[in-house]
Participant: 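Quick one: this structure, given as structure tokens, is what I'll be asking you about.
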2 protein chains.
Amino acid sequence: MGASKTTAFTQADVTVAKYAKALAHPARIAIFRLLLERRSCICGDIVEELPLSQSTVSQHLKELKAAGLIKGDIEGKKVCYCIDAQEWKQAQQALAVLFAGDEPCHTSCC
Amino acid sequence: MGASKTTAFTQADVTVAKYAKALAHPARIAIFRLLLERRSCICGDIVEELPLSQSTVSQHLKELKAAGLIKGDIEGKKVCYCIDAQEWKQAQQALAVLFAGDEPCHTSCC
DNA sequence: TAATTACATCGTAATAATGCGATGAATAAT
DNA sequence: ATTATTCATCGCATTATTACGATGTAATTA
């Protein structure tokens, strides 16, 4: 196969997995960090920060945009990317389920 | 290609991406949630909770184990899985970088 | 010992992801 | 108008992921 059985899972699990998948690549993490650090939006300067070709970076940006995590506004001939604050808050809340209990395992086995 | 250029990225970014990748599937999210809820370890009861075959679940467990997020201890003929508390704390810290600034974008473009 | 149970692994098939060069579209500069 | 810049998209090759049945392994049970 190769396609995940998204039908049979919880909507919440699918959502969390979607966000995790969007961040499941070093390049996309780097892009996201850039957009977090320089709170202001950046454009294709991202390409120069990454060891990837322009087309590859564009593709990673597309995936982040598909997940809803970032937005891209056209500014003349440049494009300005920034984090979608609302969606990112939703993502944080969805991911927060995994950060709940911080206590170790109490059973005998481990 | 198909292989990510892990060489040219920050070690931190590679690490975060590794954890995100491990959680980038609804089945693995479901497994992880199960291990969080029932704080005690579970074994192949996981298979009955998921709409996947035993071999597929075993593969997902393998990936979570490869990322270091869970451990599996053999108990007779059953195997007991649980979250690796130490590694999970490291993962939380690594992922926390993305949860830093919660202020919206201040520039003109968005 | 033989049969059963609980998992892991192998083999296979289908799909997705990664990366890049080439091309295209739109705006800015000359 | 022509050229250059910025970015997106297409096409291709390569590798990774997902899924499952079949098989193997180790421990338990009959």
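A note on names: the letters A, B, ... follow the listed sequences, proteins ahead of strands, and every chain is numbered from 1.
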Participant: So, taking the atom named CD in E49(B) and the one named CZ in R38(B), what distance separates them when rounded to the nearest 0.5 Å?
Facilitator: 4.5 Å
Participant: Rounded to whole Å, please give me the gap between CZ in R28(B) and C1' in dA19(D).
Facilitator: 12 Å
Participant: Which whole-number value in Å describes the distance from L23(A) CG to dT18(C) P?
Facilitator: 12 Å
Participant: By the 4.0 Å heavy-atom rule, please label E63(B) as base, sugar-phosphate, or nothing.
Facilitator: sugar-phosphate
Participant: If the cut-off is 4.0 Å, is S55(A) near the phosphate of dC20(C), judged by side-chain N/O to OP1 or OP2?
Facilitator: no
Participant: Which of these nucleotides, dA16(C), dT18(C), dA19(D), is closest to any side-chain atom of A3(A)?
Facilitator: dA16(C)
Participant: Grab the CD1-P distance between I46(B) and dA6(C) for me, whole Å please.
Facilitator: 14 Å
Participant: Given atom CG of L64(B) and atom C1' of dT18(D), what is their separation to the nearest angstrom?
Facilitator: 14 Å
Participant: How close or far is atom P of dT18(D) from atom CD1 of I31(B), stated in whole angstroms?
Facilitator: 11 Å
Participant: When the distance from NZ of K78(B) to P of dT4(C) is rounded to whole Å, what number comes out?
Facilitator: 18 Å
Participant: How many angstroms lie between CG in L35(B) and CG in L64(B), if you round to the nearest 0.5 Å?
Facilitator: 8.0 Å
Participant: dT29(D), OP1 or OP2 - any side-chain N/O from K77(B) closer than 4.0 Å?
Facilitator: no
Participant: Whole Å only: how far is the NE2 atom of H60(B) from the P atom of dA8(C)?
Facilitator: 13 Å
Participant: Over 60° means perpendicular and under 30° means parallel, so classify the ring planes of H25(A) and F9(B), tilted if in between.
Facilitator: perpendicular
Participant: Where each residue is assigned the nucleotide of DNA chain C containing its nearest heavy atom, which of D45(B) and K21(A) is assigned the position nearer the 5′ end?
Facilitator: D45(B)
Participant: Base, sugar-phosphate alone, or nothing: which one does K65(A) contact when heavy atoms must sit under 4.0 Å apart?
Facilitator: nothing
Participant: Let me confirm one number: the CG-CD1 distance from L34(B) to I83(B), rounded to the nearest 0.5 Å.
Facilitator: 10.0 Å
Participant: Of the listed nucleotides (dA8(C), dC20(D), dG19(C)), which one gets closest to any side-chain atom of Q59(A)?
Facilitator: dG19(C)
Participant: Round to a whole Å and report the spacing from CG of L61(B) to P of dA6(C).
Facilitator: 16 Å
Participant: Does H25(A) have a side-chain nitrogen or oxygen under 4.0 Å from the phosphate oxygens OP1 or OP2 of dG19(C)?
Facilitator: yes
Participant: Taking N and O atoms by type only, does the side chain of Q54(A) place a donor or acceptor under 3.5 Å from a partner on the base of dA8(D)?
Facilitator: yes
Participant: Counting only N and O atoms by type, is there a donor-acceptor contact under 3.5 Å from the side chain of T15(B) to the main-chain atoms of Q11(B)?
Facilitator: yes
Participant: Strictly below 4.0 Å: does Y81(B) bring a side-chain N or O up to OP1 or OP2 of dA6(C)?
Facilitator: no
Participant: Would you kindly compare G76(B) and T56(A) by the position of their nearest DNA chain D nucleotide and give the one closer to the 5′ end?
Facilitator: T56(A)
